[in-house]
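As structure tokens, the structure follows; a few thoughts come after it.
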Amino acid sequence: MTAGAHALVLLALLAWGGLPGSARAFAFTFADETFGVDVIQHPQGYTGTQSLLTITVGIDPSSAHAAAMRIPVHNAVVTLNALTPTVGNLDFTSNVPPNAVDFESVVLHELGHALGLNHPNLASESGVSQPAQDSTRTTDGANNVFDINFWTDGIPGSRDDLRLDDVNLHWFHIVDNNPFAIVQPIDRTTYCRGCALPAGDNAAANASRDVGALLGFPNTEAVLQQGTFTGEAQRTLAPDDVAGLRYAMTGLDETAGTADDYQIQLVFAGLDAASDIVIRFDDASTSFAATSFSSAPISGTHRRVVAPVISFNGQFQWLFNNVMVCGPGEDSDGDGICDDGDASGVAGDSPCTTGSAVGCDDNCPFQPNPGQADQGGRNSPLPDGIGDACQCGDADGDGIVDITDLVGLLRFLGGLPPGVDPTTCSVVGDPACDITDAVVLERFLGGLPPGIAQACAAALP
Amino acid sequence: MKPSRTHPLRARGVEDPRRGRGLARGLAFGLALGLALPALAQTAVPSFELDRDPSKLVLSFDEEVGAIARPDPIPLLRIYADGLAKVHVPAYMRGSGDYRLRLDPLRLRTLVRELLSAGVMDLDDRQVRRHRRRLGTRRDAAGLPRRRTDPATVRIELRLARLAGRPAVRHVLRWPGLRGDARDFPSDVRVRDVKRGVDALWRICHDPRLQRDPSPSR
């Protein structure tokens with residue numbers, strides 16, 4: 001994420017006031033003329049009783065690009081768990097080449113479907129063409145035709161659209177019909193699908209980028225809004241996306257703060273075709289990307305997703321983001337490089353090397369080592385996968401454990417300069433630097449056991 | 001019909017002569033039906049004529065990906081009356097660029113016949129919508145509701161100089177979510193037919209004889 005985007009996230013959080021739940025307007029899958037326009041689709045497994053809904057997300061190991069999907073899918077899981085609403089979430093300066101499509105952005109969109117959210121816009125399933133597809137999601141009404149009229153502002157999906165007999169499927173904030181603003185709480189007291197719109201409004205506004213610009217939220221769009229641009233990343237949620245999930249999380253009574261509220265916790269399961277949500281490349285199933293799922297009734301207008309599968313078509317120029325976003329507990333030392341930075345499921349199996357901190361594991365998970373310097377190892381100038389900042393036995397801090405460290409340690413013990421790095425000078429597994437370390441280090445340099453224990457202060461949590 | 005002495009079923013160890021006779025009859029019937037069906041299908045296709053102007057477009061095919069916000073406006077495949085097939089792969093797809101291939105007259109006519117027999121000229125937007133709705137309703141009523149997001153729309157345009165006596169016939173078939181429908185309703189004849197026609201067009205798009213097109217304009 002760029003510094004600008006970080007700033008926008010921060011602004012959004014400040015506006016949010018640190019409280020959970022804040023955004024407005026969204027739509028649910030299976031809300032239609034068949035199952036009812038008021039359907040609220042909950043994630044898989046929800047029965048109306050859980051307070052914590054744990055859902056695993058896995059990649060089909062037999063799929064093309066299975067390994068490349070790990071980091072972007074992991075990142076999307078982290079993003080959805082955080083449920084942070086952002087404005088300015090359209091990133092034009094990311095690592096996505098001009099002709100490529102960002103896999104992470106699209107998988108974030110599809111995971112939204114897998115959790116029960118629908119497009120806020122009419123989208124391609126309506127059969128209407130662009131730009132009418134950006135009109136707010138509705139049924140086609142009694143006349144079986146989508147009535148499309150952008151009215152005076154000429155922008156599809158804005159509040160002045162005239163939709164005649166089309167029935168709104170888009171939950172909007174009752175007071176201001178603004179899908180970008182921040183407000184509390186998110187529940188039936190503040191949101192509605194079939195209520196009267198604010199005075200002067202003709203239609204529920206959706207969170208397209210054009211409507212965002214109109215309402216003073218430039219470069220912002222709901223992730224669930226259908227329509228991916230090449231060369232662009234959209235890896236953080238917009239207020240609209242968060243609002244939809246949070247509304248569902250108010251449970252069957254649709255009231256925030258009551259006993260049936262629940263939390264969603266997605267768990268990235270890596271390569272696992274048995275996960276609750278499975279992701280794979282399957283050209284026969286989709287021309288681009290799609291989520292297929294079933295639905296089961298819970299109670300009243302409430303339903304839940306069943307057996308979601310996310311498919312991608314391999315004929316596109318996909319950009320698989322290799323920059324991992326660390327979730328809670330995934331970056332022990334807080335230096336921005338995840339302990340398991342290649343999302344393999346095993347921390348340390350692919351350590352970073354000097355100057356390379358992308359798509360690899362933190363070579364000093366418990367000691368900040370931002371440049372991932374690894375100038376050598378035990379009696380060797382070759383990188384050993386242990387970063388210089390946590391190389392136990394490296395008393396002089398040059399990244400290599402050798403005779404100079406022994407000399408330095410002995411001088412230190414004799415009260416002579418220049419001193420040692422107290423976080424790395426121990427080689428026996430205790431925090432102290434003493435004569436035992438000098439003995440063990442001397443034996444190691446002479447090829448004798450017991451060897452160096454990678455358990456100095458810099459190597460321990 | 002008497003079973004032949006050298007009937008392959010007998011040679012493969014079918015012991016019961018009555019069963020062998022039954023199977024042989026079935027086989028003969030199947031064979032006859034197999035021979036007859038393509039002929040029937042062919043006769044069901046109305047007569048048609050292609051434009052005599054070799055530069056006239058006969059067919060265009062595209063799969064409009066709604067999830068791409070600014071899709072490439074040039075269709076994936078265009079075929080002209082002289083058999084020139086032009087394949088355009090958008091910049092956001094693998095193997096992007098322009099390709100060409102010359103179809104011989106027989107292959108072009110066979111392709112058009114295949115599309116006609118697939119019902120491409122018979123379905124308008126409303127009929128497609130109605131048919132898809134019917135399929136969905138039937139599936140939902142069976143207790144197996146399923147949805148597929150982000151469908152692409154297959155678009156086939158045919159322009160014929162004459163079709164069943166009518167001059168200058170132009171028709172566009174648009175079918176949203178055909179891949180998903182083919183997955184979800186494999187036994188539906190209409191879906192299967194259209195999918196068959198689309199597959200024939202995809203075969204041209206993937207023809208190993210395609211060559212880079214130095215002048216992609218026409």
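If you're wondering where the values come from, they're calculated on a predicted model, not measured in any experiment. Chain letters run A, B, ... following the sequence lines, proteins first and then strands; every chain starts at 1.
Only the backbone of A:A289 has a heavy atom closer than 4.5 Å to any heavy atom of chain B. In this structure, chain A has a heavy atom under 4.5 Å from the side chain of B:R183, while its backbone stays farther away. A:N118 does not touch chain B: none of its heavy atoms, backbone or side chain, sits under 4.5 Å away. With a 4.5 angstrom heavy-atom cutoff, A:T230 touches chain B only via side-chain atoms. Heavy-atom distances place the side chain of A:R303, and not its backbone, under 4.5 Å from chain B. Looking at A:T34, the atoms closer than 4.5 Å to chain B (heavy atoms on both sides) all sit in the side chain, from C-beta outward. If you measure heavy-atom distances from A:V306 to chain B, the contacts under 4.5 Å come from the backbone alone.
The heavy-atom pair separating A:V101 from B:I68 by the smallest distance is CG2-CD1, 4.1 Å. Contact detail for B:G66 and A:S124: the closest heavy-atom pair is CA-CB, 3.8 Å. Nearest heavy atoms, B:E63 versus A:S287: OE2-OG, 2.6 Å.
Of the inter-residue distances, the one linking A:D32 atom CG with B:D140 atom CG reads 7.5 Å to the nearest 0.5 angstrom. Taking CG of B:D150 as the reference point, atom NE2 of A:H119 lies at 3.5 Å (rounded to 0.5 Å).
In this structure A:N121 satisfies the side chain to side chain donor-acceptor pair (under 3.5 Å) test together with A:D134, sequence neighbours excluded.
Residues in residues 107-133 of chain A take part in these salt bridge (charged side-chain N to carboxylate O under 4.0 Å, His left out) pairs, two or more places apart or across chains: A:E125-A:R137.
Ranked by heavy-atom pairs under 4.5 Å with chain A, the first of B:P145, B:S96, B:P90, B:P151 is B:P145. Between chain B and the options A:S311, A:S294, A:P98, heavy-atom pairs under 4.5 Å are most frequent for A:S294. For chain A, the option among B:A182, B:A91, B:P71 with the highest count of heavy-atom pairs below 4.5 Å is B:A91. Per-residue counts of heavy-atom pairs under 4.5 Å with chain B were compared for A:P308, A:S285, A:A290; the largest is that of A:S285. Between chain A and the residues B:P176, B:A152, B:A67, the most heavy-atom pairs under 4.5 angstrom are made by B:A67.
Although no hydrogens or angles enter the test, the distance criterion places a donor-acceptor pair under 3.5 Å between the side chain of B:R94 and the main chain of A:G314. Looking at B:R179, its side chain does come within 3.5 Å of a backbone N or O of A:D283 through a donor-acceptor pair. The backbone N or O of B:R147 lies less than 3.5 Å from no partner atom in the side chain of A:S292, so there is not a single donor-acceptor pair.
No option in A:F316, A:F288, A:W318 other than A:F316 meets the side chain to side chain contact (heavy atoms under 4.5 Å, CB included) test with B:Y92.
For residues 126-139 of chain B, a heavy-atom distance under 4.5 Å to chain A picks out B:R129, B:R133, given by residue number. When the heavy atoms of residues 188-206 of chain B are compared with those of chain A, none of the residues falls under 4.5 Å.
For B:Q211, the CD atom is loosely surrounded, since the number of other residues' heavy atoms within 6.0 Å does not exceed 12. Residue-environment remark: CZ (B:R212) exceeds the threshold of 12 foreign heavy atoms within 6.0 Å. Heavy-atom neighbours of B:R70 CZ from other residues, nucleotides or ligands within 6.0 Å: at or below the threshold of 12.
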